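What's counted below: heavy atoms across the whole structure, side chains too, no hydrogens, waters or symmetry copies. Here is how names work: the chains are called A, B, and so on, in the same order as the sequence lines, proteins then strands, and each is numbered from 1. Only a predicted model underlies this, so the values are computations on that prediction, with no experimental measurement involved.
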Amino acid sequence: MAYWLFKSEPDVWSWEQQVARGAAGEEWNGVRNYMARNNMRAMALGDQGFYYHSRSGLEVVGIVEVCATSHPDSTTDDPRWDCVDIRALRPLARPVTLEAIKADGRLSEMVLVKNSRLSVQPVTPAEWQIICELGGTTP
DNA sequence: GCCAACGTTGGC
DNA sequence: GCCAACGTTGGC
C-alpha cells in the first residue's frame, strides 16, 4: 500500500465536508496539474492519504482512503484530467501543523516542504509513520 | 491581501 | 522547441 497527501483549502472543501460524505466518499476533482494527476493515476484501492488544509489552517487534519481508482474527472470534458475518489477514515487526535513538520529534521525531504505547490503528492512510509506519531494516531 | 514560486500557454 | 507572459497557488 502506498501513502499520499491531499491538499485542500478549507474554504473550498474542508475535512468536515469530507467527513460528511461518509463511506461513499467524494470525487477528488478539479486537479489540473499533470504531476498531481499522475499521482492519482498511480493510486490503488485502499491506499491511504493525509488530508491537509492549505492557505488557512496549514495542518494535516485527518486520514483518508482511496475508494475508487482513477477515472475521468466529472467536472470537465477534457480527457486529460482524471481523478480518484477518497473517503475520510479518521481525524488525527492532534492536527500536525506545517510549522511542526518544518521543525522536524526527519521530514525535511517531504514534498510538502520541498514543493509546496503540488496538491496531490506521495508520502514515504517513514514520513507516514512520523506524522501519525506526531498526530497521536496509530499508522 | 501580498507576492514569490511555479506551471501552463502561445507566439515565434 | 524556446521563452516571455500570464494565471494560480499557498505561505506569510
> salt bridge (charged side-chain N to carboxylate O under 4.0 Å, His left out) with R37(A): which residues, sequence neighbours excluded?
Replying inline: none

> With Q48(A), which residues qualify under side-chain contact (heavy atoms from CB on, under 4.5 Å), at least two apart?
Replying inline: M1(A), Y3(A), I63(A), L89(A), W128(A)

> Mind checking whether D82(A) and M40(A) have side chains closer than 4.5 Å, heavy atoms only?
Replying inline: no

>> Under 4.0 Å, heavy atom to any atom of DNA chain B: which of residues 31-43 of chain A qualify?
In response: R32(A), N33(A), Y34(A), M35(A)

> Under 6.0 Å from the CG atom of D78(A), do we count more than 12 heavy atoms belonging to anything else shown?
Replying inline: yes

> For DNA chain C, what residues of residues 98-106 of chain A have any heavy atom nearer than 4.0 Å?
Replying inline: L98(A), K102(A)

> Just by distance, with hydrogens left out, do T138(A) and R90(A) show a side-chain donor and acceptor under 3.5 Å apart?
Replying inline: no

> Are any of the side-chain heavy atoms of L5(A) and V111(A) separated by less than 4.5 Å?
Replying inline: no

>> Taking the six-membered ring for Trp, are Y34(A) and W81(A) closer than 6.0 Å centroid to centroid?
In response: yes

> Of R117(A) and R80(A), whose closest DNA chain B nucleotide lies nearer the 5' terminus?
Replying inline: R117(A)

>> Of all nucleotides in DNA chain C that come within under 4.0 Å of a heavy atom of chain A, which is furthest toward the 5' end and which toward the 3' end?
In response: dG7(C) to dC12(C)

> Can you check ring-ring contact (aromatic ring centres under 6.0 Å, His included) on Y51(A) and W13(A), steps first, answer last?
Replying inline: CA-CA 11 Å; Y51(A) 197 98; W13(A) 185 259; 8.5 Å; no

> Is a side-chain donor or acceptor of R87(A) paired with a backbone partner of G25(A) at a separation under 3.5 angstrom?
Replying inline: no

> Which residues pass the side-chain contact (heavy atoms from CB on, under 4.5 Å) test with E127(A), sequence neighbours left out?
Replying inline: L107(A), M110(A), V123(A), T124(A)

> Which residue lies toward the 5' end of DNA chain B, N115(A) or R55(A), if each is placed at its nearest nucleotide?
Replying inline: R55(A)

